[in-house]
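Chain A is the first sequence line, chain B the second, and so forth, proteins listed ahead of strands; every chain is numbered from 1.
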2 protein chains.
Amino acid sequence: MKRVKKKAFSDFIARKGLKTTRQRDTILDFFLASDRHMSIEELYLKVRAKHPNIGYATVYRTLKLFAEAGLAREIQFGDGQTRYEHVNEGEHHDHLVCTHCGTIVEFENPVIEKLQDEVATSHGFLIETHKMEIYGLCPKCH
Amino acid sequence: MKRVKKKAFSDFIARKGLKTTRQRDTILDFFLASDRHMSIEELYLKVRAKHPNIGYATVYRTLKLFAEAGLAREIQFGDGQTRYEHVNEGEHHDHLVCTHCGTIVEFENPVIEKLQDEVATSHGFLIETHKMEIYGLCPKCH
DNA sequence: AGAACATTGAAAGTGATATTCATAAACATC
DNA sequence: GATGTTTATGAATATCACTTTCAATGTTCT
Ligand SMILES: [Mn+2]
Ligand SMILES: [Mn+2]
Ligand SMILES: [Zn+2]
Ligand SMILES: [Zn+2]
């Protein structure tokens, strides 16, 4: 999986005429080893602990690249921080978010997905993406 | 409807020991007459056109009050602006958002709502709110 | 009216994201 | 492996959308 993603990223780099750098390699390693929903700041702090010379701006720009390359997706859970989640080929999921401890649980529900498509169609919309988040208290928090 | 909401707001004002002001009355009038999903800036510009002496901060604070009073709800469509939508007693809806022209269509789907509850329950979550938005091209844009 | 308290608007502050720019690094070519 | 061209980096700065401060003003109660 990690190998596949590293390959996908270097292909992207090559295709775009960009350059391989130590920083990008390092940040990709940390991203692939990270929680599935990391803010820029969180990832930056992890990276910086081992590589104090890598700057915030580089982490910021590299995460954008990951998104562009299809390895990551930006998500917003309404806490004012943009997070980047891992993207796996052909997979889609939505989220349960604990409003108390921040725990995030991923789920898939094909029936809901299908109904969403029907709603869009019935209003004449050509669907591109959707977002669905359920906020509440996780089992540990109630 | 407008009468009911004005009453609800003045009740809220009284209950909280706040004060009725010309600005609040004006902003409420403009809010009630506005699109169902307005950003602070948009409403401020509308208000300012007729009342150049009302400041941004007052519009900002008054919209927060409307939300607290249950007349409005903050929503985020990912364009970096907080919007305030009208709230009607006992009503819930989700949104279709056109990524090209910004058109917003509201819809209700009880089956999806029910399935969301089931998902939450099956993961042991005590549901508080949820958000569901479908992004795509509206009929006019494709 | 006078006292007590809330509101207002301009300006300043905040926090996250985005950009600038001089320097450094990558890499195609010699 | 040195050279030249292009891209990347990181510190600093800018931006953007709020959010708060504070002195002046307005509202409400007695
Ligand atoms: Mn996820
Ligand atoms: Mn709505
Ligand atoms: Zn929790
Ligand atoms: Zn449209």
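Contacts of A:Gln81 with the nucleic acid, taken as non-hydrogen atoms under 4.0 Å apart, involve only primed sugar atoms and P, OP1 or OP2. Using a 4.0 Å heavy-atom distance criterion, B:Thr20 is classed as a sugar-phosphate-only contact. When heavy atoms are screened at a 4.0 angstrom cut-off, B:Ser39 is found touching no nucleic acid atom at all. Within 4.0 Å of B:Lys16, counting heavy atoms only, lies no atom of the nucleic acid at all.
Closest to the B:Lys19 side chain, of the nucleotides C:dC5, C:dA18, D:dC18, is C:dC5. Ranking D:dT9, C:dT19, D:dT19 by closeness to the A:Arg24 side chain, first place goes to D:dT9. Between D:dC18, C:dA25, D:dT9, one nucleotide has an atom nearer to the side chain of A:Thr21 than all others, and that is D:dT9.
What separates CZ of A:Phe9 from C1' of D:dA8 is a distance of 12 Å, to the nearest Å. Residue A:Asp79 contributes atom CG, which lies 15 Å from atom P of C:dG15 at whole-angstrom precision. Atom pair B:His51:NE2 and C:dG9:C1' shows a separation of 16 Å (rounding to whole Å applied). The interatomic distance linking B:Tyr84 (OH) with D:dA17 (P) rounds to 15 Å, in whole Å. Whole-Å rounding puts the A:Asp25 CG to D:dT7 P distance at 19 Å. The interatomic distance linking B:Phe77 (CZ) with D:dA17 (C1') rounds to 18 Å, in whole Å. Counting to the nearest Å, the C1' atom of C:dA18 and the CD atom of A:Glu68 are 15 Å from each other. Atom CG of A:Leu18 is separated from atom C1' of D:dT7 by 8 Å (rounded to the nearest Å).
In this structure, A:Glu85 pairs ionically with A:Arg73, as a charged nitrogen and a carboxylate oxygen lie closer than 4.0 Å. The pair B:Glu118-B:Lys114 meets the salt-bridge criterion, with a side-chain N (NZ, NE, NH1 or NH2) lying under 4.0 Å from an Asp/Glu carboxylate O. Between B:Asp11 and B:Lys7 there is a salt bridge, with a side-chain nitrogen of the basic residue lying less than 4.0 Å from a carboxylate oxygen of the acidic one.
For the pair B:Arg22 and B:Ile40, nearest-nucleotide mapping onto DNA chain D gives the more 5' position to B:Ile40. Ranked by how close their nearest DNA chain D nucleotide is to the 5' end, A:Gly17 and A:Ala57 are led by A:Gly17.
A donor-acceptor contact under 3.5 angstrom links the side chains of A:Glu128 and B:Thr99, judged on distance only.
A:Lys46 NZ: 12 or fewer foreign heavy atoms inside a 6.0 Å radius.
In this model, a side-chain donor or acceptor of B:Arg61 finds a partner on the base of D:dT21 within 3.5 Å.
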